[in-house]
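Working notes, structure below.
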Amino acid sequence: MTRLSAVVRGLATAVAALLAATAASAPARAKPEPTAPRDFVALNSVDPTIIQEIRYFTPHNFVGERIDGYQQPLCVLTRPAAEALHTAQRKLLSQGYSLKVYDCYRPQRAVDHFVRWAKDLDDQTMKAEFYPRVDKTRLFADGYIAEKSGHSRGSTVDLTLVELPAKPTRPYRPGQPLTPCFAPEDQRFPDSSVDMGTGYDCFDTLSHTLDPRIRGEQRANRLLLKNTLEDLGFVNLAEEWWHYTFKPEAHPDTYFDFPVSHRSLAGRH
């Protein structure tokens with residue numbers, strides 16, 4: 001090998017080493033967040049009169065903290081489900097009521113957050129309100145927590161009724177004393193809704209929509225919500241008076257994971 005060849009080879013080796021070191025030290029490019037399909041919409045763009053109280057954006061839920069994937073307090077749904085809620089809202093407004101949504105589309109990462117929490121048996125922070133009569137070891141077996149949720153398909157919504165004019169909701173303060181979700185209405189956490197017999201996300205058999213122990217005004221309120229929504233194509237989950245799925249679902253076999261945010265909707269192609 002000539003001296004010139006050796007010099008050239010040495011320079012090439014040095015350049016290759018420098019490039020490798022530069023590549024190794026460069027920060028990894030962040031993976032872009034998934035975005036929503038084009039048939040997903042913000043509910044307030046279809047009906048701005050429906051009240052939104054997105055509980056999983058707040059610490060007032062059975063976990064006790066904001067849930068993964070909820071970047072904004074926003075209800076996102078497939079357009080057919082949102083338009084059906086708009087029709088329901090028009091009927092209810094004429095009767096002196098408004099819908100209020102607690103949760104709509106739910107990312108898979110939020111469901112994963114629920115699963116991690118359920119497996120942490122030492123975390124009983126919110127038990128006194130949301131599951132006072134259920135042992136946490138039973139959450140999976142009793143069906144309160146699962147590794148997949150229909151909410152992630154985009155046509156399922158958790159909601160209630162509010163009598164108009166709507167009263168403001170008292171903000172939840174982490175650490176405040178908790179009251180069982182099935183306590184009498186004047187003792188439960190006030191959320192401005194009509195009396196449904198239990199609060200939202202109450203892990204108890206009293207939450208079953210047609211539980212025979214729920215009578216009088218509480219039963220009438222549940223039936224008003226149920227009948228109004230079922231007339232428009234929604235199907236109730238019998239174990240949860242607040243849970244409805246619009247049928248046929250636009251995405252019956254797909255569990256999405258884009259964040260709950262306006263950006264997820266704006267960034268679509």
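Here the CG-CH2 distance, from Leu225 to Trp242, works out to 12.0 Å after rounding to the nearest 0.5 Å. Gln218 contributes atom CD, which lies 10.5 Å from atom CG of Asp211 (distance to the nearest 0.5 angstrom). Between the CG atom in Asp135 and the CZ atom in Phe203 there is a gap of 13.5 Å [rounded to 0.5 Å]. Atom OG1 of Thr87 and atom CG of Asp231 lie 11.5 Å apart (nearest 0.5 Å). In this structure, NZ in Lys148 is found 10.5 Å from CZ in Arg153, a value given to the nearest 0.5 Å. In this structure, CG on Leu43 lies 5.5 Å from CD on Gln52, to the nearest 0.5 angstrom.
Between the His86 side chain and the Asp47 main chain, no donor and acceptor come within less than 3.5 Å of each other. When atom types are taken as modelled, the side chain of Thr228 and the backbone of Leu224 share a donor-acceptor pair closer than 3.5 angstrom. Side chain of Asp123 to main chain of Thr125: a donor-acceptor pair is present (N/O by atom type, distance under 3.5 Å, no hydrogens or angles). Listed for the Glu249 side chain is no donor-acceptor partner under 3.5 Å among the backbone atoms of Phe246. Under a 3.5 Å cut-off, the side chain of Arg66 and the backbone N or O of Pro59 do not form any donor-acceptor pair.
Residue Tyr172 is grouped with residue Tyr200 when hydrophobic side chains (ILVMFWY) are merged at heavy-atom distances under 4.5 angstrom, including chains of intermediate members. If you chain together hydrophobic residues whose side chains sit under 4.5 Å apart, Ile51 and Tyr105 never meet in one group. Linking Ile, Leu, Val, Met, Phe, Trp and Tyr whenever their side-chain heavy atoms come within less than 4.5 Å puts Leu161 and Tyr102 in one cluster. With hydrophobic clusters built from ILVMFWY side chains whose heavy atoms lie under 4.5 angstrom apart, Phe40 does not share a cluster with Tyr255. Leu206 and Leu178 are assigned to two separate hydrophobic clusters, defined by single-linkage of ILVMFWY side chains at heavy-atom distances under 4.5 Å.
Residue pairs meeting the salt bridge (charged side-chain N to carboxylate O under 4.0 Å, His left out) criterion with at least one member in residues 165-187: none, sequence neighbours excluded. Each ring-ring contact (aromatic ring centres under 6.0 Å, His included) pair with one or both residues in residues 176-197, not counting sequence neighbours, appears once here: His60-Phe189.
Closest approach of Ile214 to Gly197, counting heavy atoms only: CD1-CA, 4.1 Å. Between Tyr56 and Arg106 the shortest heavy-atom distance is CE1-NH2, 3.6 Å. The two residues Ile54 and Thr58 have their closest heavy-atom pair at O-CG2, 3.6 Å. Of all non-hydrogen atoms in Ala42 and Leu265, the two that sit nearest each other are N-CD1, 3.6 Å. In terms of heavy atoms, Pro190 sits closest to Thr169 at O-CG2, 3.8 Å. Across all their heavy atoms, Gly69 and Pro107 have their closest contact at O-CG, 3.9 Å.
Contact annotation: the side chain of Val157 never approaches that of Thr245 to less than 4.5 Å [non-hydrogen atoms, C-beta and beyond]. Under the 4.5 Å side-chain criterion, counting only non-hydrogen atoms from C-beta, His243 is not in contact with Thr209.
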Could you go through the side-chain hydrogen bond (donor to acceptor under 3.5 Å, both in side chains) check for Trp241 and Thr160 one step at a time? CA-CA 9 Å; Trp241 60 256; Thr160 189; over 6 Å; no
Applying ring pair (Phe, Tyr, Trp, His ring centres under 6.0 Å), run through Phe62 and Phe114 and close with a yes or a no. CA-CA 9 Å; Phe62 57 85; Phe114 293 165; 4.9 Å; yes
Asn236 vs Leu229, side-chain contact (heavy atoms from CB on, under 4.5 Å): CA-CA, chis, key distance, verdict: CA-CA 9 Å; Asn236 175 236; Leu229 294 177; over 6 Å; no
Between Ile50 and Val101, does the side-chain contact (heavy atoms from CB on, under 4.5 Å) criterion hold? Intermediate values first, please. CA-CA 7 Å; Ile50 295 175; Val101 295; 4.2 Å; yes
Apply side-chain contact (heavy atoms from CB on, under 4.5 Å) to residues Leu237 and Thr156 and explain how you reach the verdict. CA-CA 10 Å; Leu237 178 65; Thr156 295; over 6 Å; no
Ring pair (Phe, Tyr, Trp, His ring centres under 6.0 Å) evaluation trace for Phe256 with His251: CA-CA 9 Å; Phe256 296 99; His251 303 278; 5.0 Å; yes
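Checking Asp201, Asp103, Asp158, Asp191 one by one against Arg55, the salt bridge (charged side-chain N to carboxylate O under 4.0 Å, His left out) holds for a single residue, Asp191. Checked options Gln108, Arg109, Arg116; the residue passing with Asp68 is Arg116 (criterion: side-chain hydrogen bond (donor to acceptor under 3.5 Å, both in side chains)). The only option from Tyr131, Phe130, Phe140 that meets the ring pair (Phe, Tyr, Trp, His ring centres under 6.0 Å) definition with Trp117 turns out to be Tyr131.
Side-chain contact of Arg213 with Thr205: a donor-acceptor pair under 3.5 Å is present, judged by distance alone. Under the 3.5 Å distance criterion, with hydrogens and angles disregarded, no donor-acceptor pair is assigned to the side chains of Ser207 and Glu239. Side chains of Ser149 and Ser152: no donor on one and acceptor on the other come within 3.5 Å. Side-chain contact check for Ser193 and Lys100: no donor-acceptor pair (N or O, by modelled atom type) lies under 3.5 Å. Glu240 and His208 form no side-chain donor-acceptor contact under 3.5 Å, judged by distance and modelled atom types alone. Using a 3.5 Å distance cut-off with no hydrogens or angles, the side chains of Thr49 and Gln89 do pair a donor with an acceptor.
Under the 4.0 Å criterion applied to side-chain N and carboxylate O atoms, Arg188 and Asp195 are assigned as salt-bridge partners.
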Can you give each donor-acceptor pair under 3.5 Å made by side-chain atoms of residues 71-85, sequence neighbours left out, with the distance rounded to 0.1 Å?
unit_1, atom_1, unit_2, atom_2, d
Gln72, OE1, His262, N, 2.6
Thr78, OG1, Gly154, O, 3.4
Thr78, OG1, Ser155, OG, 2.9

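Counting non-hydrogen atoms of other residues, nucleotides and ligands closer than 6.0 Å to NZ of Lys119 gives a total of 12 or fewer. For Glu217, the CD atom counts as loosely surrounded, since its 6.0 Å shell holds 12 or fewer non-hydrogen atoms of other residues, nucleotides or ligands.
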